[in-house]
Engineer: 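Okay, handing you the structure first.
Note that the coordinates shown come from a computational prediction; the quantities given were computed from them, not determined experimentally.
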Amino acid sequence: MKNDKTIKRDFYLLVVKVVLATVISSAVTYLCVIYLIMTLTTNHVVKPTNYFVKDLDLIEKKVKENEEAIFKGRLIPIHRYSEKIQGEVVDISGKHLYGDQGIIDDQVDISKAINRDIVKGSYVYRFIPIQHDNAIQAVYVLKAPFGFIINNQNRFGAVLIYAVLLISPLIFFIVYLIFFTSRLYKSLFHNVKLLLEASDHIASGDFDFQVSGLKRKEFMKIQDSFNTMISALKEMVERLAKTDDERKMMVSSIAHDIRTPLTVIQGQIDLIQDLRKLDHFDVTPHLEIIRKNCGKMTMLTDNLSLLYKVEDDHFSLNAKEVDLRQILDEKKLEISTMVYHQKSINIRFDVNLQKSCYILDEAMLMRVLDNILYNSLRFTKSGEIKLEVHDEKEGNECKIYFRCSDTGTGFKENDTSLLFQPFYQDKQYKNHVGLGLYIAKRIVNHYEGEIWAYNNEKGGATVEFYIKELSDWSSNLMGFPPL
């Protein structure tokens with residue numbers, strides 16, 4: 001498979017291809033040129049490398065026939081055979097006797113060269129022994145051209161072809177190296193081009209794509225890393241955009257939530273100023289309206305100040321020993337006072353606890369209960385708001401369960417898990433920040449508990465959650481002070 005290839009393997013294969021192609025091409029070229037040269041030499045168009053060897057054979061035969069005369073200085077006229085052949089007679093020690101001088105150098109061992117042909121450079125040397133008195137007394141040294149180029153110096157075309165033949169392996173090596181390297185480069189540059197295009201997309205803020213089409217293992221790993229990075233960047237950008245939208249919505253909702261009670265308070269103050277001079281004017285209901293709207297603003301600011309604390313994963317609960325039954329009684333009295341003038345709403349707390357004291361963060365637990373109970377108060381016009389509390393022992397842990405049910409309008413959303421998202425706005429209560437249940441969920445999570453919501457059989461809303469009693473007070477060292 002192409003995707004299983006590696007760059008290292010491609011480079012090894014490149015070397016093999018270049019060498020193999022060079023060897024095959026050179027072999028074919030040599031065979032063709034040899035055949036061509038053989039054909040041309042047969043037709044006497046060019047001279048072969050050993051063209052003058054036949055003349056040396058004839059001269060050697062003549063030397064054998066005239067040894068005595070040659071020994072006495074009467075040399076054979078070798079120029080009759082060819083002007084390019086030279087001859088020198090030397091003694092056994094290599095000292096010049098007759099003929100052309102300087103044919104051989106001092107490095108040649110005459111005794112070992114007798115009856116042999118020695119090729120040096122572009123010449124062949126033949127050493128013919130000359131006997132006198134049944135002993136070798138001298139050596140006739142013949143020198144003749146031995147090479148295709150030197151034999152065909154006047155045939156430029158043939159010399160050029162032969163020279164090209166000699167360097168053809170190097171030429172083939174360079175040609176194939178360039179050819180196969182360019183192919184490999186194009187293949188690798190295809191991958192680089194795709195990565196550069198992907199980088200341009202990322203630089204322009206376009207994350208709706210995936211890198212594909214890369215080949216070779218190394219680039220496949222880069223492709224996977226690029227796609228992982230693109231997905232992470234896309235998720236981060238979407239999260240930032242969502243956060244920005246949430247912040248904008250929060251600012252808008254906060255402005256609305258603060259403006260509403262302020263408007264009501266201002267209206268009540270204006271009304272009191274207009275009616276205070278009337279006889280029997282009762283300011284109490286007006287003050288109650290002002291008090292309720294002040295409470296709304298207080299809860300809003302408290303939720304905002306708490307939001308960033310509970311979102312911190314390092315948030316720690318302020319653990320201490322509390323009388324849960326007593327604080328629940330106080331909370332019941334507080335809620336009952338708020339609906340005192342609404343005779344149609346009944347507040348009921350059903351508490352069944354096995355212990356008198358628990359290790360808890362009282363402020364955080366009350367914040368959860370306030371957010372849930374005040375939601376019930378907001379949407380319940382008549383009937384009952386009931387809070388049930390009990391605890392269970394599970395091994396070494398103690399879980400405390402809470403269930404708040406009302407007979408209000410209930411939840412309009414089928415997916416009640418949306419209620420616990422930050423800045424969520426229910427269709428029945430638009431232009432509200434929507435932090436209460438989200439903060440409650442975060443606090444419950446810090447208690448290692450769970451929270452969920454649903455509509456009960458009476459059509460109202462029910463919110464259930466449980467928390468775990470804190471094991472010790474060590475978390476108080478790093479906790480935030482209760483609000």
Engineer: Would you say the side chain of Phe411 lies within less than 4.5 Å of the side chain of Val463, judging by non-hydrogen atoms?
Structural biologist: yes
Engineer: Is it the case that the side chains of Glu464 and Tyr454 hold a donor-acceptor pair, with the cut-off being a distance below 3.5 Å and no angle test?
Structural biologist: yes
Engineer: Output the distance between atom CG (Asn66) and atom CD1 (Ile76), rounded to the nearest 0.5 Å.
Structural biologist: 5.5 Å
Engineer: Looking at Asp91 and Ser93, would you say the former's side chain and the latter's main chain have a donor-acceptor pair under 3.5 Å?
Structural biologist: yes
Engineer: How long is the straight-line distance from NZ of Lys399 back to CZ of Phe465, given to the nearest 0.5 Å?
Structural biologist: 14.0 Å
Engineer: Please report the interatomic distance CG(Leu470) to CD(Glu397), rounded to the nearest 0.5 Å.
Structural biologist: 11.0 Å
Engineer: For a side chain to side chain donor-acceptor pair (under 3.5 Å) check, start with the C-alpha distance between Asn375 and Arg378, then their side-chain angles and the critical distance, and finish with the verdict.
Structural biologist: CA-CA 5 Å; Asn375 275 344; Arg378 186 178 297 116; 2.6 Å; yes
Engineer: So, for Asp361 and Tyr447, which heavy atoms are closest and what is the spacing to 0.1 Å?
Structural biologist: N-OH, 2.7 Å
Engineer: May I ask you to test the Leu365-Ile443 pair for a side-chain heavy-atom distance under 4.5 Å?
Structural biologist: no
Engineer: Between the side chains of Glu68 and Arg74, is the shortest nitrogen-to-carboxylate-oxygen separation below 4.0 Å, so that they form an ion pair?
Structural biologist: no
Engineer: State whether the side chain of Tyr125 and the backbone N or O of Ala113 hold a donor-acceptor pair below 3.5 Å, judged by distance alone.
Structural biologist: no
Engineer: Given the ring of Tyr51, does Lys54 sit roughly above its face, with NZ or CZ under 6.0 Å from the centre of the six-membered ring and within 45° of the axis?
Structural biologist: yes
Engineer: Please say whether more than 12 non-hydrogen atoms of neighbouring residues, nucleotides or ligands are located less than 6.0 Å from NZ in Lys8.
Structural biologist: no
Engineer: Going by an N to O cut-off under 4.0 Å, is there a salt bridge joining Arg239 and Glu235?
Structural biologist: yes
Engineer: Could you tell me which non-hydrogen atom of Asp55 sits nearest to which non-hydrogen atom of Ser82, and how far apart they are?
Structural biologist: OD2-CB, 4.2 Å
Engineer: Do Tyr140 and Glu67 pass the side chain to side chain donor-acceptor pair (under 3.5 Å) test, and can you show the C-alpha distance, the side-chain angles, and the key distance before you say yes or no?
Structural biologist: CA-CA 10 Å; Tyr140 207 133; Glu67 287 182 325; over 6 Å; no
Engineer: Return the minimal non-hydrogen interatomic distance between Ile118 and Phe127, and the atom names on each side.
Structural biologist: CD1-CE1, 3.7 Å
Engineer: Would you indicate whether Tyr30, at its atom OH, is surrounded by more than 12 heavy atoms from other residues, nucleotides or ligands within a distance under 6.0 Å?
Structural biologist: yes
Engineer: So do the side chains of Ser405 and Arg403 get within less than 4.5 Å of each other, counting heavy atoms only?
Structural biologist: yes
Engineer: What class does the angle between the rings of Tyr401 and Tyr466 fall in, given that below 30° is parallel, 30 to 60° is tilted and above 60° is perpendicular?
Structural biologist: tilted
Engineer: Nearest 0.5 Å, what's the CD1-CG distance between Ile70 and Leu75?
Structural biologist: 7.0 Å
Engineer: Would you compute the distance between atom NZ of Lys112 and atom CD1 of Ile114 and round it to the nearest 0.5 angstrom?
Structural biologist: 12.5 Å
Engineer: Between Ser25 and Tyr176, is the side chain to side chain donor-acceptor pair (under 3.5 Å) condition met? List the steps.
Structural biologist: CA-CA 10 Å; Ser25 299; Tyr176 286 124; 2.5 Å; yes
Engineer: Are any of the side-chain heavy atoms of Leu437 and Lys441 separated by less than 4.5 Å?
Structural biologist: no
Engineer: Would you confirm whether Ser182, through its side chain, and Phe179, through its main-chain N or O, come within 3.5 Å as a donor-acceptor pair?
Structural biologist: yes
Engineer: Looking at Val444 and Glu450, what are the two nearest heavy atoms and their distance?
Structural biologist: CG1-N, 3.4 Å
Engineer: Minimum heavy-atom separation for Ser376 and Cys404, please, with both atom names.
Structural biologist: OG-SG, 3.6 Å
Engineer: Can Lys143 be said to sit on top of Tyr123's aromatic six-ring, NZ or CZ under 6.0 Å from centre and within 45° of the ring axis?
Structural biologist: yes
Engineer: How long is the straight-line distance from CD1 of Ile136 back to CD1 of Ile110, given to the nearest 0.5 Å?
Structural biologist: 11.5 Å
Engineer: So does Asp208 pair up with Lys234, basic N to acidic O under 4.0 Å?
Structural biologist: yes
Engineer: Under the side chain to side chain contact (heavy atoms under 4.5 Å, CB included) rule, what do Glu321 and Tyr358 come out as? Steps first, then yes or no, please.
Structural biologist: CA-CA 5 Å; Glu321 192 176 73; Tyr358 297 84; over 6 Å; no
